[in-house]
Engineer: 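I'd like to ask you about the structure that follows.
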Amino acid sequence: MKGQMLFDILKKKLNPKRQSVTRIIVCSFAIVILIGAFLLMLPISSRNGTVTPFLHALFTATSATCVTGLVVYDTYTQFSTFGQWVILLLIQIGGLGLVTLTTFFNVAIGRRLGFKSLRLASESINLSDPGQAKNLLKFVMGFAFAFEAVGAFLLAFVFVPQFGAEGIFIAVFTSISAFCNAGFDILGRLVPGASLRLYAENPYVLFVVSVLIISGGLGFLVWNDLASYRTTKHLRTHTKLVLFMTAVLLVLGTIGVALLEWNNPQTLGAMPWYHRLTNAMFASVTARTAGFDSFDMNFMGPIAKTLIIVLMFIGAAPGGTGGGIKVTTISVIMVVVASVARGREEVTVFSRRIDYKTVYRSLTIITLSLSVVVVSTLSIFYGTSDSVTELNALFEAVSAFATVGLTVGATADMNSFAQIVTIITMLIGRVGPVSMAISLAAHPTDRNMHRSVSPQAHISVG
């Protein structure tokens, strides 16, 4: 009922007749963040029973809702069980989207959805056809909760023997955080801020978490396509591209981290060779917007950090729980470059032509994303202590924008201005730079406006 009330408020205050669908989605994230910040401020949310400063509560709520994982406090040592449940709820809402959740519950109780509601729902899960939104929503919810439940069950075999009954909550929290690509953990009871470093030589934990991360990052459109394959005997070009690029990036990331950090005693060098491979693979997986780490990335060499930055910036697939500019975006740009270099006018992938609007949108996403990262990097570099290098500031900025959550320690040193910029960066990264730009536009573009034809310009480039 509360979710339905919030959904009705959003529709009344942000009527699609007057506001863009994108603006409603952006505002839904902002509302959830503010409510989460208020709850995390309460004395009941902190472990010592005191009020958490608003900016720190806002940072934590934004990081959880945007499924980032950057923190100014260790989650376990700062927040009580109530506070941890609030964070977990924010992660779940942020990972699946408030609009997605509320629309699904409307469907579950048998409420009829109008075209505008279906359009809003389809936009929230990156679906081009609103008519398919209802069926896909059911699939998304069932798939997500099933994966999270199985993940929690598997992780319980490790955490329950180690922590007793409390291990059940730890398993549930870790599973949801991993599937939603959030990177939050409550293992600070062992070593605050250690993430999964104490399980660096436990391949079972790293494997389960890796599968959850990849599953959430592939996107629900891909999983729905795979689930329908037995009937259709066909995979969409989107699915093929996502699977191909995901495999390539995982392999290249694993090889790159292994080669660059193999003999570094502060990262992989102190482990047996088989654990080095396992942790190199996990680093490649988690850099794709998950945020868990099995070794301290602050001690990585500059080239290895640069590789992680590239993986973080690319991110996961559209329509999932991951962030970044998305594997499909970088794929389109690579295909365009290859086509132009070979003198081809058409841009094709898997024998399918890519629409010019997709090319334009991809270029826009990358340009806006780089702009956000530059501003965030400068803010972090000049808003932290002198010990934070330019590379570490860039690492933290990309981690925030791509909603990854991996850190090299700069977050803890940020002043208030840098924290505010990082909060904005995380929100932009979660909703997408293009969506944010559209939502902030004073007069959203009317597709039915008369299109004037301008004279063609002839510009020499290159």
Side-chain angles (χ1 to χ4, degrees), residues 59 63 66 68-72 183 193-195 197 249 252-270 276 279-280 282-316 322-325 330 366-426 428-429 433:
F59 191 99
S63 184
C66 297
T68 304
L70 290 176
V71 294
V72 290
S195 191
R197 295 172 200 168
L249 291 173
L252 292 180
T254 300
I255 294 174
V257 172
L259 291 177
L260 294 170
E261 295 295 312
W262 191 266
N263 294 317
N264 185 345
Q266 294 179 298
T267 56
L268 300 180
R276 296 185 201 184
N279 282 266
F282 186 76
S284 179
V285 170
T286 195
R288 307 283 310 294
T289 83
F292 294 99
D293 62 56
S294 58
F295 57 83
D296 194 341
M297 293 195 171
N298 189 35
F299 294 113
M300 295 179 74
I303 299 179
K305 283 183 182 178
T306 303
L307 172 62
I308 296 296
I309 288 172
V310 172
L311 292 175
M312 291 193 298
F313 187 72
I314 295 173
I325 62 171
I330 194 66
I366 289 185
T367 302
L368 292 177
S369 299
L370 289 173
S371 301
V372 172
V373 168
V374 168
V375 172
S376 182
T377 300
L378 293 174
S379 301
I380 293 173
F381 180 70
Y382 290 106
T384 53
S385 64
D386 294 337
S387 61
V388 176
T389 65
E390 293 89 340
L391 183 60
N392 284 353
L394 176 62
F395 189 104
E396 217 80 1
V398 174
S399 181
F401 170 76
T403 67
V404 180
L406 291 176
T407 181
V408 286
T411 302
D413 293 334
M414 290 181 188
N415 60 21
S416 297
F417 175 74
Q419 287 186 27
I420 292 173
V421 172
T422 304
I423 287 171
I424 297 172
T425 301
M426 289 189 288
I428 294 174

Engineer: Can you find a pair of side-chain heavy atoms, one from N298 and one from K305, that are under 4.5 Å apart?
Structural biologist: yes
Engineer: For S416, enumerate each residue passing the side chain to side chain contact (heavy atoms under 4.5 Å, CB included) test, keeping only those at least two apart in sequence or located in another chain.
Structural biologist: L55
Engineer: Do S376 and V373 have side chains that approach each other closer than 4.5 Å (heavy atoms only, starting at C-beta)?
Structural biologist: no
Engineer: Does any N or O in the side chain of N415 come within less than 3.5 Å of the main-chain N or O of A418, such that one atom is a donor and the other an acceptor?
Structural biologist: yes
Engineer: State, with a plain yes or no, whether a side-chain heavy atom of Q419 is found less than 4.5 Å away from one of V72.
Structural biologist: yes
Engineer: Return the minimal non-hydrogen interatomic distance between S284 and G253, and the atom names on each side.
Structural biologist: OG-CA, 3.4 Å
Engineer: Ignoring hydrogens, what is the shortest heavy-atom contact between M426 and C66? Give both atom names and the distance.
Structural biologist: O-SG, 3.6 Å
Engineer: Side-chain contact test, heavy atoms from C-beta onward, threshold under 4.5 Å: evaluate it for V310 versus V398 and give yes or no.
Structural biologist: no
Engineer: Determine whether M300 and F295 satisfy the following criterion, side chain to side chain contact (heavy atoms under 4.5 Å, CB included), listing intermediate values before the conclusion.
Structural biologist: CA-CA 9 Å; M300 295 179 74; F295 57 83; 3.9 Å; yes
Engineer: Can you tell me how far the OG1 atom of T68 sits from the CD1 atom of I423, to the nearest 0.5 Å?
Structural biologist: 10.5 Å
Engineer: Please tell me if the side chains of T425 and V372 come closer than 4.5 Å, counting only heavy atoms from C-beta onward.
Structural biologist: yes
Engineer: Taking C-beta and beyond as the side chain, do V408 and T389 meet within less than 4.5 Å on heavy atoms?
Structural biologist: no
Engineer: Measuring from atom OH of Y382 to atom OG1 of T377, what distance do you get when rounded to the nearest 0.5 angstrom?
Structural biologist: 11.5 Å
Engineer: Would you mind reporting whether M312 and F395 have side-chain heavy atoms less than 4.5 Å apart?
Structural biologist: yes
Engineer: Any idea which heavy atoms bring A194 and D293 closest together, and the distance?
Structural biologist: O-OD1, 3.9 Å
Engineer: Is any side-chain heavy atom of L391 less than 4.5 Å from a side-chain heavy atom of T306?
Structural biologist: yes
Engineer: What residues form a side chain to side chain contact (heavy atoms under 4.5 Å, CB included) with L370, not counting sequence neighbours?
Structural biologist: F313, I366
Engineer: Work out which heavy atom in V388 is nearest to a heavy atom in A393; give both atom names and the distance.
Structural biologist: CG1-N, 4.0 Å
Engineer: So, using side chain to side chain donor-acceptor pair (under 3.5 Å) as the criterion, who are the partners of S63 when residues are at least two apart?
Structural biologist: none
Engineer: Which heavy atom of A316 sits nearest to which heavy atom of G322, and what is that distance?
Structural biologist: CB-CA, 3.9 Å
Engineer: Got a list of side-chain donor-acceptor pairs under 3.5 Å for residues 399-407, not counting sequence neighbours?
Structural biologist:
from: S399; atom 1: OG; to: G405; atom 2: N; distance (Å): 2.9
from: S399; atom 1: OG; to: L406; atom 2: N; distance (Å): 3.0
from: S399; atom 1: OG; to: L406; atom 2: O; distance (Å): 2.7
from: T407; atom 1: OG1; to: E396; atom 2: OE1; distance (Å): 3.4
from: T407; atom 1: OG1; to: E396; atom 2: OE2; distance (Å): 2.4
from: T407; atom 1: OG1; to: G409; atom 2: N; distance (Å): 3.0

Engineer: Name every donor-acceptor pair, under 3.5 Å, that has one atom in a side chain of residues 254-262 and the other anywhere in the protein, sequence neighbours excluded.
Structural biologist:
from: T254; atom 1: OG1; to: L250; atom 2: O; distance (Å): 2.7
from: E261; atom 1: OE1; to: N264; atom 2: ND2; distance (Å): 2.7
from: E261; atom 1: OE1; to: T267; atom 2: OG1; distance (Å): 2.7
from: E261; atom 1: OE2; to: G301; atom 2: N; distance (Å): 2.9

Engineer: For T422 and T411, what are the C-alpha separation, side-chain angles and deciding distance, and is it a side chain to side chain contact (heavy atoms under 4.5 Å, CB included)?
Structural biologist: CA-CA 9 Å; T422 304; T411 302; over 6 Å; no
Engineer: Taking side chain to side chain contact (heavy atoms under 4.5 Å, CB included) as the definition, give me every residue that meets it alongside I424, ordered by chain and number, with sequence neighbours left out.
Structural biologist: I420, I428
Engineer: For S294, what residues pass the side chain to side chain contact (heavy atoms under 4.5 Å, CB included) criterion, not counting sequence neighbours?
Structural biologist: A200, L206, N279, F282
Engineer: What distance do I314 atom CD1 and T289 atom OG1 have between them, rounded to the nearest 0.5 Å?
Structural biologist: 12.0 Å
